[in-house]
Amino acid sequence: MYYFQKTYIMKLHRFHDANLFYRKVKDYLSEEELLHNLQLGICNNLINNPKISKIQPYLSVVEQDGNIIAVAIMTAPYNLLLSRIKNFAAIDIIALDLQQQYESLTNVNAPVIESQAFAEKWCLLTKSSYKLKLPLRIFKLDKVELVSQAKGNFRIATQNDKELLKSWHDAFNLEALGSIESDSESWVERVLHKGNAYLWQDEKPVSIACSSRSTPNGIGINMVYTPPEYRKRGYAGACVAALSQTLLDKGYKFCFLFTDLSNPTSNKIYQEIGYKAVADWNNYAFY
C-alpha cells in the first residue's frame with residue numbers, strides 16, 4: 001500500500017509472520033527500548049508462543065523513503081499499540097488501513113501525543129467518540145534502593161495458590177480496568193507454568209506481583225495487587241522490591257512497569273523502591 005505526500009513517498013507494509021516483523025522493527029523499537037517495552041514484549045511472545053493470539057495479529061510498519069517512521073501492533077482482543085511516530089501523516093495511513101480491515105477498535109495505547117492524534121483521526125473516520133481510559137507512566141529500576149521491612153516473606157506461587165490467583169486476577173482487573181478483560185483460568189495456568197507469579201506471605205498470602213514481558217535488556221512487572229483488607233501495611237512495596245531484586249539477580253539490566261497516574265499511592269510506593277519515571281502513555285477507549 002503506497003501513499004504519496006508532497007515530495008516523499010510513504011509505504012505501509014503489513015506482516016503475517018511475527019519473526020519477519022520483529023527483524024524489521026527491532027532496531028527502530030530498541031532505539032527507545034523502555035518506551036516500546038509493550039511492542040517488544042508482544043513480539044517476543046508472538047515468536048515464542050505463536051498460538052497465543054487466536055486470530056491473526058495486526059502487524060504493520062510505515063516507511064518514508066525507506067526509513068521506518070511508525071509501527072502499529074494489535075493482538076485481539078487487546079489495544080492497538082502505536083510506537084513513537086516520526087511523521088504524523090503516518091497516523092492517517094494506519095487509521096485508513098485499520099478501517100478497511102476492522103469494523104471497530106476498542107482502545108488505542110501509545111505515547112501521549114501519538115495516542116491522542118490517532119484517537120482524533122479514528123473518530124473522524126468512524127463517526128465515533130473517544131475518552132481517556134487510563135493515563136499511564138512507565139517507570140524503570142536498575143537498583144533496588146529501599147527494601148521494605150513489612151512483616152512476612154516472599155515466595156513463588158504454586159499450584160496450591162491457583163484459586164486464590166484466579167480471584168485476585170479478576171479483582172485486580174475490575175479495580176484497575178473496570179472490567180475483566182482476560183480469562184483468569186488461562187492466565188493462572190500460564191503464569192504458574194512459567195513461574196511468573198510471586199506472593200508476599202504474612203501467615204497467608206497478602207499481595208501479588210508478576211514478572212511479565214521481556215525486552216532485549218529488561219523485564220516487566222505487572223499484576224501488582226493487594227486485597228483492600230491487607231493494604232497500608234507495606235506488603236505491595238515489599239513484594240515488588242523483592243521481585244525486582246530477584247529479576248536483577250537473574251541478569252536483567254533493569255525492571256520496568258506501568259503505573260496508573262490517577263493512583264498516587266502506587267506511584268509513591270514504586271518511587272520509594274527506586275523506580276524512576278521514563279515516559280507517559282495514554283489509553284483511549286472508543287465508543
Side-chain angles (χ1 to χ4, degrees), residues 32 34-42 45 53 55 57-60 70-85 88 90-92 94-95 97-99 101-139 168-184 187 208-210 212-213 220-226 228 236 256-270 275 277-287:
E32 297 183 84
L34 280 164
L35 183 73
H36 296 135
N37 71 79
L38 278 173
Q39 290 93 336
L40 288 164
I42 287 174
N45 285 340
S53 182
I55 68 170
Y58 179 83
L59 307 169
S60 72
V71 176
I73 299 174
M74 185 167 65
T75 54
Y78 302 104
N79 307 324
L80 171 68
L81 294 174
L82 298 178
S83 69
R84 176 83 77 198
I85 294 178
F88 275 63
I91 286 179
D92 294 7
I94 294 168
D97 189 54
L98 285 164
Q99 187 188 31
Q101 297 187 74
Y102 302 96
E103 293 182 4
S104 64
L105 296 180
T106 305
N107 301 74
V108 60
N109 199 8
V112 171
I113 299 174
E114 284 83 352
S115 59
Q116 183 166 2
F118 180 88
E120 291 173 352
K121 180 63 180 181
W122 182 255
C123 290
L124 281 174
L125 283 174
T126 61
K127 306 291 192 296
S128 57
S129 60
Y130 68 91
K131 179 181 178 181
L132 180 62
K133 183 177 181 180
L134 281 174
L136 301 165
R137 179 163 289 166
I138 302 171
F139 281 85
W168 282 7
H169 168 274
D170 290 349
F172 169 83
N173 276 270
L174 285 171
E175 183 174 320
L177 305 174
S179 62
I180 300 172
E181 297 187 353
S182 59
D183 174 56
S184 61
W187 175 82
I208 184 173
C210 297
S212 61
R213 59 198 169 275
I221 291 176
N222 65 9
M223 183 57 197
V224 179
Y225 178 72
T226 303
F256 55 84
L257 50 78
F258 278 90
T259 67
D260 179 352
L261 283 179
S262 65
N263 186 341
T265 300
S266 64
N267 282 269
K268 181 174 181 290
I269 290 171
Y270 299 136
Y275 280 88
V278 175
D280 289 352
W281 276 47
N282 278 340
N283 184 317
Y284 288 102
F286 298 115
Y287 299 92

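Nearest heavy-atom pair, Ala277 versus Phe139, reported as atom, atom and distance to 0.1 Å: N-CD2, 3.4 Å. Nearest heavy atoms, Trp281 versus Leu82: CH2-O, 4.1 Å.
Partners of Glu175 under the salt bridge (Lys or Arg N to Asp or Glu O under 4.0 Å) rule, at least two apart in sequence or in another chain, are Arg231. The salt bridge (Lys or Arg N to Asp or Glu O under 4.0 Å) check on Arg213 picks up nothing, with sequence neighbours excluded. In this view, Asp260 satisfies the salt bridge (Lys or Arg N to Asp or Glu O under 4.0 Å) rule with no residue, not counting sequence neighbours.
Between the CZ atom of Phe118 and the CG atom of Leu98 there is a distance of 5.0 Å, given to the nearest 0.5 Å. Atom CH2 of Trp168 sits about 10.5 Å away from atom SG of Cys210, to the nearest 0.5 Å. To the nearest 0.5 Å, atom CG of residue Asp97 and atom OH of residue Tyr102 are 8.5 Å apart. Here the CG atom belonging to Leu257 is positioned 12.5 Å from the CZ atom belonging to Arg137, to the nearest 0.5 angstrom. With rounding to the nearest 0.5 Å, the separation of OH in Tyr130 from CG in Asn283 is 13.5 Å. The CD1 atom of Ile42 sits 9.5 Å away from atom CG of Leu59, with the distance rounded to the nearest 0.5 Å.
Using cut-offs of 30° and 60° on the angle between ring planes, the pair Phe172 and Tyr225 is perpendicular.
Around the CG atom of Leu125, the shell of radius 6.0 Å holds more than 12 heavy atoms that belong to other residues, nucleotides or ligands.
Side-chain atoms of His36 come within 3.5 Å of backbone N or O of Arg84 as a donor-acceptor pair. Checking side-chain atoms of Asn37 against main-chain N and O of Leu34 turns up a donor-acceptor pair under 3.5 Å. Formation of a donor-acceptor pair under 3.5 Å by the Ser212 side chain with backbone atoms of Gly220 is found in this model. Side chain of Asn79 to backbone of Leu81: no donor-acceptor contact under 3.5 angstrom is found.
Taking the side chain as every heavy atom from C-beta outward, Phe258 and Leu38 approach each other to under 4.5 Å. Counting only heavy atoms from C-beta outward, the side chains of Leu35 and Val278 never approach each other to under 4.5 Å. Side-chain contact between Trp122 and Ile91 is absent, with no heavy atoms from C-beta onward closer than 4.5 Å. At a threshold of 4.5 Å between non-hydrogen side-chain atoms, the residues Ile208 and Met223 count as touching.
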Check against side chain to side chain contact (heavy atoms under 4.5 Å, CB included), Leu105 and Met74: CA-CA 10 Å; Leu105 296 180; Met74 185 167 65; 3.7 Å; yes
